[in-house]
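When a residue number appears, it is its place in the shown sequence, counting from 1. Ligands are counted one by one from 1 in listed order, and the atoms in each one are counted from 1 as well. All values derive from a computational prediction rather than experimental measurement.
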Amino acid sequence: AAKASGRGRVESFTDELGASQRRRITIERELREALARNELVVHYQPQVDLRTWTIRSAEALVRWNHPTLGSVSPSEFVPVAEETGLIHNIGAWVLAKACSDARHLLPDLRIAVNASAAQVQRAGFVNELRQLLNRYELKPSQLEVEITESLLMEDIAVALENLHAIKQLGVRIALDDFGTGYSSLAYLRRFPFDKLKIDRAFIRELLSTSDARAIVRTILQLARVLGMDTVAEGVEEPAQLEVLSHVGCAAIQGFLVARPMPAEQLVDLIARWDSLPRPSSDGNLPES
Ligand code: C2E
Ligand code: MG
Ligand code: MG
Ligand code: MG
């Protein structure tokens, strides 16, 4: 098939492959210097409690501003950091920065920090957490660690031990992107999750397919039975918010409320919060 498709086509295919490989190599090389050059920053996206319509927590999301590459998405560089082991330094830096911001700028919010599987599997991770809690004099419950389901697949024994140790510390644990990975219902009973984050994929389809609504309702029921908190990710429209309120989701996060922003801006948003209207749709919600 490659031969038949002609020379031009084959060439452009190899060029493209080359370009993405070159990009990958550049990212890797530059990422090694990113911390030392102070190019990483942490932004925060608020989570809003649906019962009280208040901001109770925020997710820390790393950003990379490179002088010539521009702003590189964590979806692109976090996987590179994971493959190269750089995630340990980057993750430790994000965690420390989030703790510092939690202490100095956002003392009334719970801060959720994403952790890669490799971080949580490292023996020293729990100690790192403990030291940060001491250094910044944080209540352990002010901190939440977000992990994804892939973690559960890799090294169950160590992961399980560390998750229990994190829980012992009093730090909360959220399961990110729930519903998209491999997690069976059995995992939900074996791991001490405090919160399920319903993946954006279901929220995106919430208004258009009854399947997505049924799945979201089922996840919420499951969370209730297991005593877990819930938050819907990627909420962009008022009508999605209304459906989620209606089916008893505890909290939402998404562009409808705010994009991730610097801690100082979130402080401002919270100060203005009570004077802002709660978004509402003009009816026409799906029936079930
Ligand atoms: P995530 O943890 O699931 O984070 C949510 C992502 O959805 C964020 O993308 C956020 O900006 C985006 N998002 C929030 N609301 C909306 C919305 O309404 N619509 C849409 N379309 N998107 C929305 P971001 O910041 O690009 O991060 C992507 C992923 O990179 C994260 O997914 C997480 O897996 C990873 N990541 C980010 N920061 C860190 C970190 O510090 N450590 C690790 N290990 N991973 C991180
Ligand atoms: Mg997350
Ligand atoms: Mg997520
Ligand atoms: Mg994600």
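When non-hydrogen atoms are compared, ligand 1 lies under 4.0 Å from neither the backbone nor the side chain of Arg259. Residue Glu59 touches ligand 1 through its side chain alone, judged by heavy-atom distances below 4.0 Å. Residue contacts with ligand 1 for Asn114 involve both N, CA, C or O and side-chain atoms from C-beta outward (heavy atoms, distance under 4.0 Å).
Not a single heavy atom of Gln253 lies less than 4.0 angstrom from ligand 1. Taking a 4.0 Å cut-off on heavy atoms, Pro260 registers as neighbouring ligand 1. Ligand 1 lies less than 4.0 angstrom from a heavy atom belonging to Arg63. Not a single heavy atom of Lys197 sits closer than 4.0 Å to an atom of ligand 1.
Note on Asp101 versus Lys97: salt bridge recorded, some NZ/NE/NH1/NH2 to OD/OE distance being below 4.0 Å.
Note: Arg130 CZ to Asn127 CG = 5.0 Å, rounded to the nearest 0.5 Å.
Of the candidates Gly254, Pro74, Ala117, Pro74 brings a heavy atom nearest to atom 37 (C) of ligand 1. Between the choices Val62, Val257, Ile147, the shortest heavy-atom distance to atom 38 (N) of ligand 1 belongs to Val62.
Within ligand 1, the atoms closer than 4.0 Å to a non-hydrogen atom of Glu236 are 17 (C), 18 (O), 19 (N), 20 (C), 21 (N), numbered from 1 in the order shown. For ligand 1, the atoms sitting less than 4.0 Å from at least one non-hydrogen atom of Ser116 are 44 (N), numbered in the order shown with element in parentheses. Per-residue contacts place Gln45 under 4.0 angstrom from the following atoms of ligand 1 (heavy atoms of the residue considered): 14 (C), 15 (N). Applying the 4.0 Å criterion to heavy atoms of Asp177 picks out, from ligand 1, the atoms 3 (O). For ligand 1, the atoms lying closer than 4.0 Å to a non-hydrogen atom of Asp176 are 1 (P), 2 (O), 3 (O). The atoms of ligand 1 that sit less than 4.0 Å from any heavy atom of Val94 are 41 (O).
A donor-acceptor pair is defined here as one N or O able to donate and one able to accept, closer than 3.5 Å; no such pair exists between the side chain of His246 and the backbone of Glu242. Of the possible polar contacts, none joining the Lys197 side chain to the Leu175 backbone as a donor-acceptor pair under 3.5 Å is found. With hydrogens and angles ignored, the 3.5 Å screen pairs no side-chain donor or acceptor of Ser116 with any backbone N or O of Gln119. Proximity of a side-chain donor or acceptor of Asp194 to a complementary backbone N or O of Arg172 within less than 3.5 Å is not detected. Between the Gln47 side chain and the Ile55 main chain, no donor and acceptor come within less than 3.5 Å of each other. Side chain of Gln142 to main chain of Ile111: no donor-acceptor pair is present (N/O by atom type, distance under 3.5 Å, no hydrogens or angles).
Applying the side-chain hydrogen bond (donor to acceptor under 3.5 Å, both in side chains) rule to pairs touching residues 27-36 yields Arg24-Glu28, Glu28-Arg32, Glu30-Arg37, Glu30-His66, sequence neighbours excluded.
Per residue Glu59, closest N, O or S atom to the Mg ion (ligand 2): atom name OE2. The minimum distance between the Mg ion (ligand 3) and any N, O or S atom of Glu233 involves atom OE2. As for Glu146, its N/O/S atom nearest the Mg ion (ligand 2) is the one called OE1.
With a 6.0 Å cutoff to the six-membered ring centre and a 45° limit on the axis angle, Arg259 counts as a cation-pi contact of Phe255.
For Gln45 and Gln253, the side-chain atoms include at least one donor-acceptor pair closer than 3.5 Å. Between the side chains of Thr180 and Asp177, not a single donor N or O lies within less than 3.5 Å of an accepting N or O.
Between the Mg ion (ligand 2) and Asn114 there is an N/O/S contact shorter than 2.8 Å. With 2.8 Å as the limit, Asp176 counts as an N, O or S neighbour of the Mg ion (ligand 3). Among the atoms of Asp177, no N, O or S atom falls under 2.8 Å of the Mg ion (ligand 2).
For Phe77, the ring pair (Phe, Tyr, Trp, His ring centres under 6.0 Å) criterion is met by Trp64, not counting sequence neighbours.
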